[in-house]
Amino acid sequence: MNKYDGNFQYYTKKTQNFAPLLKMFAFEIVIIQGLLINNTVITFFAFILLFLFYKNSFLSIILVPPLFSTVLLTSGDHTINIMLAAFFIFFFILYIIRNNIITDKRLALLFLYLVITIVGLFNAVVFGKFLSFINWDYESILSENLLSSIPKIVFAFGMFLFIQNEGYRFLKKNLILATKLIPISLIIVSIYFITVGYEISNWENLGIRLVFQGSDPNDFSAMLIALGAFSYYLVLKSSSKLWTFIGIVSTILVVYSVLLTASRTGILTLVFTTILTLILFSKRNFKRSTFVILFLIFSALVLFYSNLIDFNFIYERFFGKYITDISSLTAGRTDWWKAAFEAFKQKPIFGYGGSQKASQWINFNMYGKAYVMHNLFIEILIQYGVVGLTVFLLLIIRLLADLKNLLKLNKKQATDTTYLIIPFISLASILFAGLALSLQWSALLWYLIPLCFSIGSFVEEYVRESRAYLL
């Protein structure tokens, strides 16, 4: 080989290494301009172009926007989420038509929940006891279901089939890229939130809470923590000092942002996610796990003594004057749950119909205030009854079985595939936060379910082929 061939190979390799960095940089530029310029249309088309030229960015493109979609509104409730979801549903339909589809038993669970949702819509429109409460506003119920609920399950269908047909290599590249793009995106979103992207609310005149523009502080903190699992991964598992550092910065900003919201749900979810991540990622990684624990303690002390966080206010929220009154301590949630169980006795099988108006009607009748149940599982129970909750719990049981199989595989594997665990941690964070929030139609929830199903399906297929080979 002459020197010219050598130079050509050198520059080719250098160009090949530079191209992914350029695309990563482009992704973060889209995030930055979306926050600062606030142009939903530009952001939407930028994401779509990025996906068409760089399919490995698919997971990052759908997982990050729910965090700041309230900033990017077109008209009414039409956010960047809805625009991206509409595009990808259309893309999935074309993809399914053009390809031989690989089916999986997990699709049956998604289809069953879709049927439950459609039956719930029919139940709400035809038999809904709450219709007079909303002045027989059928349009709002149809809009809630046809523009939000049902499309999310359809999206989950399409996403699962798309990843299945693209194969494990596609999933692997997407996830590994997401471990870099998402932590950097969290740094950008957190800095924006801390500096200019917040609104102020006063809680019981006891302290100030920062709220991300246009969003609920509890929902925002829950999504921030769920995606923070990708930052934890870099801290605990990255072999690169640069990416470990980025993971540390991202984690610090996530924790700081959650504390600024003073969200009890957010703080409890943060504790839950941290413990779960340390348990699942601690394999052959005791020193790094110990470092993370000590670092978090040190960071908390720095925040406390620097007065960057009002810990007295946070203490008041958890252990202050309301601790003896369970209703006040839970911001009325226990009252709403009590009303839900009383109402459930009247319609236990199929519930009151697929609409949050059902929950608001129940609480209005009981307490004179139209509140949702602030619990993912109770919300499903009220709207879709025992049948709906059973199907949703079957989804979770299937996911737990997939996680169990993945953990078993990781113990046997010589290579490190712990990046496959990250989506399960993110999903667990959303489900944990859902104990105090009505997140049954959270976009992030219905993006993570098909993602985890895809991982579970690939793991199951690998185990089945390995057994066949041994036999």
Side-chain angles (χ1 to χ4, degrees), residues 62 65-66 69 74 76-97 101 103-104 106-128 130-131 134 137-163 219 349-360 372-373 376-377 379-396 398 427 430-431 434 438-454:
I62 64 168
S69 62
T74 49
D77 293 328
H78 296 163
T79 66
I80 187 71
N81 276 352
I82 293 176
M83 295 175 69
L84 287 172
F87 168 82
F88 280 114
I89 287 174
F90 177 73
F91 172 82
F92 293 150
I93 291 171
L94 291 179
Y95 185 88
I96 291 168
I97 291 172
I101 298 304
T103 59
D104 187 281
R106 292 163 183 80
L107 281 175
L109 287 171
L110 285 173
F111 178 76
L112 197 54
Y113 200 74
L114 177 61
V115 171
I116 293 294
T117 307
I118 294 171
V119 171
L121 170 59
F122 177 80
N123 188 13
V125 171
V126 178
F127 302 110
F130 56 88
L131 288 172
I134 59 172
D137 185 6
Y138 294 103
E139 185 179 343
S140 66
I141 300 174
L142 290 170
S143 176
E144 184 180 350
N145 280 270
L146 299 180
L147 292 180
S148 178
S149 309
I150 293 175
K152 285 186 172 69
I153 305 178
V154 173
F155 183 97
F157 256 101
M159 178 177 169
F160 178 71
L161 289 171
F162 173 59
I163 295 175
D219 292 350
I349 307 301
F350 292 105
Y352 288 81
S355 174
Q356 288 193 346
K357 303 293 192 305
S359 300
Q360 294 171 359
V372 294
M373 292 302 170
L376 183 157
F377 304 96
E379 201 74 62
I380 293 173
L381 184 66
I382 286 297
Q383 293 183 36
Y384 305 111
V386 172
V387 175
L389 183 60
T390 300
V391 174
F392 188 77
L393 291 177
L394 287 174
L395 281 170
I396 295 175
R398 176 68 259 177
L427 181 58
I430 291 293
L431 291 173
S438 293
L439 296 175
Q440 76 273 20
W441 295 120
S442 165
L444 204 54
L445 175 67
W446 291 99
Y447 296 164
L448 290 169
I449 286 175
L451 175 55
C452 292
F453 270 173
S454 298

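Along the sequence shown, residues carry numbers from 1.
Closest approach of Pro151 to Ile89, counting heavy atoms only: O-CD1, 3.6 Å. The two atoms that bring Asn81 and Ser69 nearest to each other are ND2-OG, 3.5 Å, heavy atoms only. Smallest separation of non-hydrogen atoms from Ala358 and Ile382: CB-CG2, 4.4 Å. Among all heavy-atom pairs drawn from Leu439 and Ile430, the shortest one is CD1-O, 3.8 Å. In this structure, Phe392 and Trp446 approach most closely via the heavy-atom pair CE1-CZ2, 4.3 Å.
When ring centroids are compared, Phe88 and Phe162 stay outside the 6.0 Å threshold.
Rounding to the nearest 0.5 Å gives a distance of 9.0 Å between CG of Leu427 and CG of Leu444. The line from OG of Ser355 to OH of Tyr138 is 12.5 Å long, rounded to the nearest 0.5 Å. Considering CG of Leu389 and CD of Gln440, their distance stands at 11.5 Å, rounded to 0.5 Å. If you take CG on Leu395 and CZ on Phe453, they are separated by 4.5 Å, rounding to the nearest 0.5 Å. Separating the CG atom in Asn145 from the CH2 atom in Trp441 is a distance of 8.0 Å, to the nearest 0.5 Å.
Put simply, the side chain of Phe155 does not reach to within 4.5 Å of the side chain of Leu84, judged on heavy atoms. For the pair Val391 and Val115, the minimum side-chain heavy-atom distance is 4.5 Å or more. Residues Ile141 and Ile134 are in side-chain contact: their nearest non-hydrogen atoms beyond the backbone lie under 4.5 Å apart.
Counting only distance, with no hydrogens or angles, the side chain of Ser143 and the backbone of Glu139 share no donor-acceptor pair below 3.5 Å. Checked by atom type and distance alone, the side chain of Ser149 pairs as donor or acceptor with a backbone atom of Glu144 at under 3.5 Å.
Around CZ of Phe92, the count of heavy atoms belonging to other residues, nucleotides or ligands within 6.0 Å exceeds 12. For Phe90, the CZ atom is loosely surrounded, since the number of other residues' heavy atoms within 6.0 Å does not exceed 12.
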